[in-house]
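Since the structure comes first, as structure tokens, the remarks are kept for the end.
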Amino acid sequence: MSSSTIIAGSVSGMLSTVAVYPLDVLRTHLQSQIASKDKMMTGTECFRKLLRQPYPEIPKSSPAIFHSFRSLLSSTGLNFLPLYKGLLLPLSAQIVYKSTIFTLHSYLLRPSKMGSTIDRLDPIVKSAIAGTLAGAVNALVWVTPVEYVRNNHIVNEGVNLSSFIQMWRGASLTVARDAIGCAAFFLARDLSKKMLPEPVNNPMAHGMCAGLGFWLVALPFDTVKTLTQTNEKQNAKWVSRITASPSLLYRGWQVAVCRGLPGAGITVWSYEKTLEWVDSRKTNKIMIE
């Protein structure tokens with residue numbers, strides 16, 4: 001497997017996560033409310049509630065400048081820290097996620113890696129199949145446990161693990177989401193390269209189309225996965241709500257789209273630009289030698 005795709009995937013994962021993580025937090029809160037006994041809030045209400053949480057206390061032994069800075073921030077009445085709650089783990093994980101997906105996808109596109117029958121298919125269809133396999137593997141190995149910890153940290157203020165295997169709760173839903181979603185991602189990306197007019201035919205636009213494709217098919221799976229991972233003892237509550245109103249499967253779709261399009265745009269743009277830079281460095285090194 002190419003080190004270029006690993007490096008480019010890592011950079012794209014890091015940049016896209018930092019850019020859109022607050023919307024991930026907001027989407028998770030909106031989805032988790034389906035299982036709540038309280039009235040579900042709108043996206044705006046949920047966003048305001050997050051911003052109005054108090055700043056954490058600072059130990060008295062801390063330098064005075066920290067206390068002054070906290071007082072200054074508190075005086076604004078806004079707290080942006082909850083929007084980045086649990087960022088460190090997803091940020092680290094996204095470096096692994098994206099490098100795994102892009103590297104495995106690139107590897108599977110090589111001749112004979114998925115069999116001669118698939119090699120004879122249209123390149124766009126072959127790319128979508130490779131995306132399905134890459135997404136499924138990545139979801140099973142990495143995404144499920146990381147999102148279990150992240151979602152519970154955001155919604156339940158922490159994780160109470162009774163066993164290591166508990167982190168794979170909702171694995172089948174995560175695999176289904178990412179297998180189908182990544183197929184749609186690469187299909188939309190490759191189709192946009194062929195169909196978009198020249199002024200907007202660029203990596204950022206390709207990525208935004210890919211992000212739209214992903215979330216259109218993946219959001220229902222993502223909603224059920226979030227509820228499964230964060231409400232282990234309240235299944236009957238959210239199942240009955242969704243049965244009565246299936247549109248809840250797309251709860252938070254506005255946030256998903258606002259997060260998915262720029263996030264995927266940054267992912268594809270930074271991946272391709274980093275890949276070009278790394279490959280050019282390798283070419284220059286070979287020429288010098």
Side-chain angles (χ1 to χ4, degrees), residues 16 20-47 49-50 83 86 90 97 101 128 131-132 135-136 138-140 142-156 167-189 208-264 267:
S16 61
V20 299
Y21 188 75
L23 294 174
D24 270 335
V25 172
L26 181 58
R27 188 189 77 249
T28 300
H29 275 288
L30 288 172
Q31 291 172 336
S32 67
Q33 288 173 10
I34 296 174
S36 173
K37 296 179 181 179
D38 301 324
K39 180 183 177 182
M40 289 185 287
M41 293 183 286
T42 65
T44 303
E45 290 170 340
C46 188
F47 185 65
K49 182 179 178 181
L50 288 171
L83 296 176
Y97 290 174
I101 288 177
T132 300
N138 186 60
L140 183 61
W142 304 115
V143 180
T144 303
V146 170
E147 289 197 351
Y148 178 86
V149 173
R150 189 209 68 164
N151 288 345
N152 278 281
H153 187 64
I154 291 173
V155 176
N156 298 325
M167 289 194 297
W168 272 263
R169 180 176 173 82
S172 59
L173 291 164
T174 311
V175 170
R177 180 198 67 181
D178 286 6
I180 297 171
C182 285
F185 180 95
F186 286 105
L187 181 64
R189 185 201 65 172
M208 294 180 75
C209 290
L212 180 61
F214 179 93
W215 284 109
L216 280 176
V217 299
L219 188 56
F221 295 97
D222 186 66
T223 299
V224 178
K225 176 197 68 70
T226 298
L227 291 166
T228 300
Q229 291 182 330
T230 58
N231 296 276
E232 298 181 18
K233 297 180 180 180
Q234 300 182 40
N235 287 339
K237 179 69 175 179
W238 63 259
V239 169
S240 62
R241 274 190 170 180
I242 288 178
T243 302
S245 180
S247 63
L248 287 174
L249 289 171
Y250 279 90
R251 178 166 170 78
W253 69 266
Q254 301 94 331
V255 178
V257 170
C258 291
R259 175 251 184 266
L261 269 65
T267 295

Min side-chain heavy-atom separation [X]-[Y] under 4.5 Å:
| X | Y | result |
| --- | --- | --- |
| Asn151 | Lys225 | yes |
| Leu26 | Leu83 | no |
| Lys49 | His29 | no |
| Arg27 | Asp222 | yes |
| Leu212 | Met208 | no |
| Val146 | Tyr97 | yes |

Test your reading of the model: is there a side-chain donor-acceptor pair from [X] to the backbone of [Y], 3.5 Å cut-off?
| X | Y | result |
| --- | --- | --- |
| Ser245 | Arg241 | no |
| Tyr250 | Thr223 | no |
| Gln31 | Gly252 | no |
| Asn152 | Gln229 | yes |

Can Phe221 and Leu249 be said to form a side chain to side chain contact (heavy atoms under 4.5 Å, CB included), step by step? CA-CA 8 Å; Phe221 295 97; Leu249 289 171; over 6 Å; no
For Thr174, the option from Thr228, Leu140, Thr144 that meets side-chain contact (heavy atoms from CB on, under 4.5 Å): Thr144
So which of Leu23, Val25, Asp24 actually passes side-chain contact (heavy atoms from CB on, under 4.5 Å) with Val255? Leu23
Would you check, one step at a time, whether the test side chain to side chain contact (heavy atoms under 4.5 Å, CB included) holds for Ile242 with Leu227? CA-CA 11 Å; Ile242 288 178; Leu227 291 166; 3.8 Å; yes
Heavy-atom pair with the smallest gap, counting every atom of Gly131 and Cys182: O-CB, 3.2 Å
Is Trp142 atom CH2 crowded by more than 12 heavy atoms from other residues, nucleotides or ligands, each under 6.0 Å away? no
